[in-house]
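Okay, structure first, notes after.
Counting from 1, the numbers follow the sequence of the chain as shown.
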Amino acid sequence: MKYLIKNANMVDVEKNEIRKTDIVIEDGIFVQIANDIEREFGKHEVIDAEGLYALPGLIDAHSHVELSLLSSIPLAEAIMEKGTVAAVLDPHDVVNVLGAKGAKYLMDEMETTQFTPVWMASPCVPSAPEYEDCFGQIMLKDVKTMIEDYGMYGIAETMDYNRVITEEKTLKEILEYAKSKHLMIDGHAPCVVGDDLNKYIGSGVSSDHESVSVEEMVEKFQKGMTVIIRRGSLKEPASAKEFLDQVGESERILLSTDGCITVQDILNYGHMNYALSQIVKEGVEPVLAVKMATLYPAKRYGLKNLGSIQKGKTASLVLVKDLEDFHVEKVFVKGEIVKRTDTKYSFDNEVLNSILHDKMTDKELMIEIPKDCTQVKANIVTIIDGTLETKKTSRILTVENEKLNLPKDVMYCSVTNRYDKNGSTAVGLVDGVGEFEGAIAGSIGQDTQNLIAIGSNLNDMKTALNKVIKEQGGVALAAHGEIIDFLELPVMGIMSQKPIEEFTTELEYLYREIREKGMTLMNPLLTLSLQISLAVIPEMAITNRGVLDVNENQFISVIERII
């Protein structure tokens, strides 16, 4: 197709200006950008932009397909409609499930779309091998497979910063290989500053997206790192405007979602356009914001034909109503107006039957109580809703008939190794989720994607977990020993192939049922997936091996005897 877009206010990220112009697209390429172009090129479809703003196709500087709970095709088609045409993707969730070949399945599915991925090889699987289990630990040979056989661009977020700082052998080998190949190495280092940060950077890591304060972002930037600002469905602790005011404009400041944006928010607000609207409303100048989501990530990650609207480049373009809400009116990807394909990828059996654990038993979900105790000190994972953070808290609980008397706002939580029929289970306690009655369970415990459950009683947790095991992946809600609702996630137990609208309807129904049972979390599955079992974000986590004090890098007792 050939298009003539008239009367567009083009955001020229190369010249740092907005100007009114016409744009000609032929055979997927921008062929002319000028004022008052007439139809002298043959038959063109004329689109009058009527003053809409023309942005380059948006690029997510760091993300994960799997966090959306959608597989490659439905996610790509949903976010292209919101103006995101490319993303730097870390497939570490599917690598946790099936090793390097898990990434290949996701890549092959994505190849059937018009989306442009920049795949990065996951170096930290599981994210903390000393503290959790998954399909298998990623070693140098696996990274070589992803880089040399699959054609990945570089090394994805190096999450286990403690292994980097202490120069642990297996991870050091991966990073040394990456440096020898002159590969990009991305990072993930919350609260890593000072000498530890120097060691982290010295290993070859050149970016970070996990800073928890402006001061931390400034230090990382001043030491030469690329700082990736995250915006999506989470409350973020550091102001983009304040950071930019301190360091100024730079190609080393990018914008991403990190995959931390719910399907509901994608439908209601957008994707990278939503991230743009958030930082602009914080006070970031709009053209600069657009550069952080187009030109700058394109330069860092080798997307030479994307990132700006220029003659000869790939014609991926977004027409938006304004530069505040960035409401999308029309999207072109590779020279064509975006449209759904209704394609469904055919996966192998190992993708659709990836949960190996046998049916859960009562014994696996027990918390051992010290004998002859009437009171115990309980170490509790406190959820900070709307964030990725947890806090370590403690309470005095009473014991009756060798069972804990839980306050209504304290829940049991279990994490089970799904990759072995007798895989280990750890049970802990959490609060900050409301006074919930019943249990939810899923095969989505980050980053290992282990089985995770949270509930007011262990019987409902067992019921929900066994439903997930039987169906080979999903999220189950149980109450009074019965399944109330079930959300199917058949692709590696963590993703759906349904269109975003259909999946979101099912998800919202599940959320209504969960909230009717007393849970107050903004996004229950985001908490279930990301906060509780994530062993690389402070302060507390529960893995299949135990309750982990992330700050101290050690397991602690769930309950302690009070003498």
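Between the side chains of Ser316 and Lys334, no donor N or O sits under 3.5 Å from an acceptor N or O. Side-chain atoms of Glu324 and Ser277 form no donor-acceptor pair, as typed in the model, at a separation below 3.5 Å. With 3.5 Å as the limit, one finds no donor-acceptor pair spanning the side chains of Ser71 and Gln497. For the residue pair His64 and Asp258, a side-chain donor N or O sits within less than 3.5 Å of a side-chain acceptor on the partner. Donor-acceptor pairing under 3.5 Å is lacking for the side chains of Asp325 and Tyr269. Side-chain contact of Asn96 with Tyr419: a donor-acceptor pair under 3.5 Å is absent, judged by distance alone. In this structure, a donor-acceptor pair under 3.5 Å is absent between the side chains of Arg252 and Ser206. A donor-acceptor contact closer than 3.5 angstrom is absent between the side chains of Asn466 and Thr463. Using modelled atom types, one finds a donor on one side chain and an acceptor on the other under 3.5 Å when comparing Thr257 with Asp60.
A side chain to side chain contact (heavy atoms under 4.5 Å, CB included) with Gln531 is found for exactly one of Val433, Thr387, Leu526, namely Thr387. Of the candidates Thr341, Thr113, Thr343, Thr341 is the only one forming a side chain to side chain donor-acceptor pair (under 3.5 Å) with Glu77. Tested against Glu81 for a side chain to side chain donor-acceptor pair (under 3.5 Å), the candidates His271, Lys339, Arg340, Lys330 yield a single pass: Arg340. With respect to Lys15, the side chain to side chain contact (heavy atoms under 4.5 Å, CB included) criterion is satisfied by exactly one of Ile18, Val13, Asp12: Asp12. When each of His44, Lys2, Gln32 is tested with Glu26 by the rule side chain to side chain donor-acceptor pair (under 3.5 Å), just one qualifies, namely His44.
Residues Val536 and His188 form a side-chain contact, since some pair of their non-hydrogen atoms from C-beta on lies under 4.5 Å apart. At a threshold of 4.5 Å between non-hydrogen side-chain atoms, the residues Leu295 and Glu14 count as touching. Contact annotation: the side chain of Phe135 never approaches that of Val125 to less than 4.5 Å [non-hydrogen atoms, C-beta and beyond]. A heavy-atom distance below 4.5 Å is found between the side chains of Leu528 and Ile444. Side-chain contact between Ile59 and Thr84: absent, with no pair of heavy atoms (C-beta onward) separated by less than 4.5 Å. The side-chain heavy atoms of Leu323 and Leu55, taken from C-beta on, include a pair separated by under 4.5 Å. Between Thr116 and Leu306, the closest side-chain pair of non-hydrogen atoms falls below 4.5 Å. The shortest distance between side-chain heavy atoms of Phe30 and Thr314 does not fall below 4.5 Å.
Here Glu50 does not pair with Lys6 in a salt bridge; the nearest charged N to carboxylate O distance is not below 4.0 Å. Between Glu148 and Lys141, none of the side-chain N atoms (NZ, or NE/NH1/NH2) sits under 4.0 Å from a carboxylate O, so this pair counts as no salt bridge. Contact check on Asp108 versus Lys104 returns a salt bridge, with a Lys/Arg side-chain nitrogen under 4.0 Å from an Asp/Glu carboxylate oxygen. Salt bridge Glu251/Lys291: absent, no basic N to carboxylate O contact under 4.0 Å.
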Practice task
Decide yes or no on side-chain contact (heavy atoms from CB on, under 4.5 Å) for Leu254 and Arg300, but give the supporting numbers first.
Solution key: CA-CA 9 Å; Leu254 315 179; Arg300 176 173 170 86; 3.7 Å; yes
Problem - Check against side-chain contact (heavy atoms from CB on, under 4.5 Å), Leu356 and Gln472 - result: CA-CA 9 Å; Leu356 304 182; Gln472 284 296 304; over 6 Å; no
Exercise for the section: Give the intermediate values and the outcome of side-chain contact (heavy atoms from CB on, under 4.5 Å) for residues Leu319 and Val328. Expected result: CA-CA 6 Å; Leu319 294 175; Val328 172; over 6 Å; no
Exercise for the section: Mind running side-chain contact (heavy atoms from CB on, under 4.5 Å) on Ile440 and Ile454 for me, showing each step along the way? Expected result: CA-CA 6 Å; Ile440 53 173; Ile454 182 171; 3.3 Å; yes
Practice task
Let me see the working for Glu17 and Arg19 under salt bridge (Lys or Arg N to Asp or Glu O under 4.0 Å), right down to the final yes or no.
Solution key: CA-CA 6 Å; Glu17 66 181 17; Arg19 67 176 188 274; 3.2 Å; yes
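In plain terms, the two heavy atoms of Tyr150 and Lys101 that are nearest each other are OH-CA, 3.7 Å. Here the shortest heavy-atom pairing between Gly335 and Ile25 reads CA-CG2, 3.8 Å. Closest heavy-atom contact between Pro74 and Pro499: CB-CA, 4.4 Å. The shortest non-hydrogen separation linking Ala34 to Thr21 is O-OG1, 3.0 Å. Smallest separation of non-hydrogen atoms from Pro123 and Val143: CA-CG2, 4.5 Å.
The ring of Phe332 has its center closer than 6.0 angstrom to the ring center of Tyr3. Less than 6.0 angstrom separates the ring centroid of Tyr345 from the ring centroid of Phe347.
The number of heavy atoms from other shown groups lying within 6.0 Å of CD (Glu285) is above 12. Within a 6.0 Å radius of NZ in Lys281, more than 12 heavy atoms belonging to other residues, nucleotides or ligands are found. Heavy-atom neighbours of Glu111 CD from other residues, nucleotides or ligands within 6.0 Å: at or below the threshold of 12.
To the nearest 0.5 Å, atoms CZ (Phe326) and NZ (Lys82) are separated by 15.0 Å. Rounding to the nearest 0.5 angstrom, the gap separating the CD1 atom in Ile228 from the CG atom in Leu255 is 10.0 Å.
Taking the ring axis of Phe486 as reference, the NZ or CZ atom of Lys467 stays within 45° of it and closer than 6.0 Å to the ring centre.
Between the side chain of Arg231 and the backbone N or O of Met272, no donor-acceptor pair lies under 3.5 Å. Not a single donor-acceptor pair under 3.5 Å links the side chain of Asn268 to the backbone N or O of Asp265. Within the 3.5 Å criterion, the main-chain N or O of Val290 finds a donor-acceptor partner in the side chain of Thr294.
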Without placing hydrogens or testing angles, list every side-chain donor-acceptor pair under 3.5 Å for residues 86-94, not counting sequence neighbours.
from: Asp90; atom 1: OD1; to: His92; atom 2: N; distance (Å): 3.0
from: Asp90; atom 1: OD1; to: Ser122; atom 2: OG; distance (Å): 2.6
from: Asp90; atom 1: OD2; to: His92; atom 2: ND1; distance (Å): 2.8
from: His92; atom 1: NE2; to: Asp447; atom 2: OD1; distance (Å): 3.0
from: Asp93; atom 1: OD1; to: Gln449; atom 2: NE2; distance (Å): 3.0
from: Asp93; atom 1: OD2; to: Gln446; atom 2: NE2; distance (Å): 3.4

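Residues satisfying the salt bridge (charged side-chain N to carboxylate O under 4.0 Å, His left out) criterion with Glu513, sequence neighbours excluded, are absent altogether.
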